[in-house]
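Working notes, beginning with the structure itself.
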Number of protein chains: 2
Amino acid sequence: MGAKRGPFSCGLDAAVAVVGGKWKPLILWELHDGARRFGELRRSLRGISEKMLIQQLRELEADGIVHREVYREVPPRVEYSLTEAGSSLNKALLPLGDWGEEHMDHITAVRGA
Amino acid sequence: MGAKRGPFSCGLDAAVAVVGGKWKPLILWELHDGARRFGELRRSLRGISEKMLIQQLRELEADGIVHREVYREVPPRVEYSLTEAGSSLNKALLPLGDWGEEHMDHITAVRGA
DNA sequence: TGCGGTACTCACCAAAAGGTAAGCAATGGG
DNA sequence: CCCATTGCTTACCTTTTGGTGAGTACCGCA
């Protein structure tokens, strides 16, 4: 799910390549109601390291999912927001999120954790 | 995305834990129109190794997504099919697949591959 | 003068995911 | 008897992913 992979076998494959990994769906979700700055995201996504956050944001930016806006201010400020493609991707993820909510108890029970 | 991970931060997180990885979405898709036997799946999913296929099927089975039916026959026959949960998961993946189809050209272009 | 906040960047490591190749049990056919 | 078929299992290895912790540049403030 890194930054490279070739021709996909189907649309689902392509979508998973873009949104796969431990943090990307959560990042997308954090951005669903507007722009957020780097520090805000870091604080919302508990447990993420700065390295991972930047890495994932950069990949999402390269894939045209998020937009990065730099404000040259006194403490630097950088805001991330969804592009049109990012917004539609987020919408396409909603049913999956709903499914997860409904089945979360079962999944959690079935796995040891 | 293996067989273990604890409490999830949201439904999307749980769903990704179940369906994440290189092959699981493709396996689900292969099963969307009925039961398939092991060998059929192996031939459909070009490039998958037997080890990976079984591993993923076992995890999906443990998560209650697929059902495994063994027929004690002369060359052994094993059929895999979607459970109710698996079927609804597959439906929840449809919008994501559509998104992927629409944006595949862009994604493929943006990445080297 | 040195401290804190912001947004990174880098080097290094550990864990997980994925791939390769071989072997195995059961049995029917040549 | 030997081979092929089917559905696995196992050992070993490489690649990818994720995590830790340190360091940097910029500035304002006390």
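Order of the sequence lines fixes the chain letters, A, B, ..., with proteins taken first and strands second; residue numbering starts at 1 for each chain.
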Just how far, in rounded Å, is C1' of D:dG18 from CD1 of A:I48?
10 Å
Starting at CD of B:Q55 and ending at P of D:dC8, how long is that distance when rounded to a whole Å?
14 Å
Taking atom CH2 as the centre, does A:W29 end up with more than 12 heavy-atom neighbours from other residues, nucleotides or ligands that are less than 6.0 angstrom away?
no
Would a 4.5 Å heavy-atom cut-off, applied to side chains only, mark A:R111 and B:V18 as touching?
yes
Would you mind reading off the distance between B:W23 atom CH2 and D:dT16 atom C1', rounded to a whole angstrom?
15 Å
Separation of B:L53 atom CG from C:dT20 atom P, in whole Å?
14 Å
Passing option when A:L89 is tested against A:D63, A:V19, A:T83 for side-chain contact (heavy atoms from CB on, under 4.5 Å)
A:V19
Output the rounded distance in Å from NZ (B:K22) to C1' (D:dT15).
10 Å
Tell me: CE of A:M52 to P of C:dC13, nearest whole Å?
19 Å
Between A:W99 (side chain) and B:A14 (backbone), is there a donor-acceptor pair under 3.5 Å?
no
What's the CD-C1' distance between B:Q56 and C:dA17, to the nearest Å?
9 Å
So does B:E73 have more than 12 non-hydrogen atoms from other groups sitting under 6.0 Å from CD?
yes
Considering heavy-atom distances to DNA chain D, does A:G47 or A:E73 have its closest nucleotide positioned more toward the 5' end?
A:G47
B:D13 side chain to B:F8 main-chain N or O, any donor-acceptor pair under 3.5 Å?
no
Please produce a list of atom pairs where a protein N or O lies less than 3.5 Å from an N or O of nucleotides 3-11 of chain C.
{"from": "C:dT6", "atom 1": "O3'", "to": "A:R37", "atom 2": "NH2", "distance (Å)": "3.0"}
{"from": "C:dT6", "atom 1": "O3'", "to": "A:P76", "atom 2": "O", "distance (Å)": "2.8"}
{"from": "C:dA7", "atom 1": "OP1", "to": "A:R37", "atom 2": "NE", "distance (Å)": "3.0"}
{"from": "C:dA7", "atom 1": "OP1", "to": "A:R37", "atom 2": "NH2", "distance (Å)": "2.9"}
{"from": "C:dA7", "atom 1": "OP1", "to": "A:V78", "atom 2": "N", "distance (Å)": "3.4"}
{"from": "C:dA7", "atom 1": "OP2", "to": "A:G39", "atom 2": "N", "distance (Å)": "3.1"}
{"from": "C:dC8", "atom 1": "OP1", "to": "A:R58", "atom 2": "NH2", "distance (Å)": "3.3"}
{"from": "C:dC8", "atom 1": "OP1", "to": "A:R68", "atom 2": "NH2", "distance (Å)": "2.4"}
{"from": "C:dC8", "atom 1": "OP2", "to": "A:Y80", "atom 2": "OH", "distance (Å)": "2.9"}
{"from": "C:dC8", "atom 1": "N4", "to": "A:E50", "atom 2": "OE1", "distance (Å)": "2.1"}
{"from": "C:dT9", "atom 1": "OP2", "to": "A:R58", "atom 2": "NH1", "distance (Å)": "2.7"}

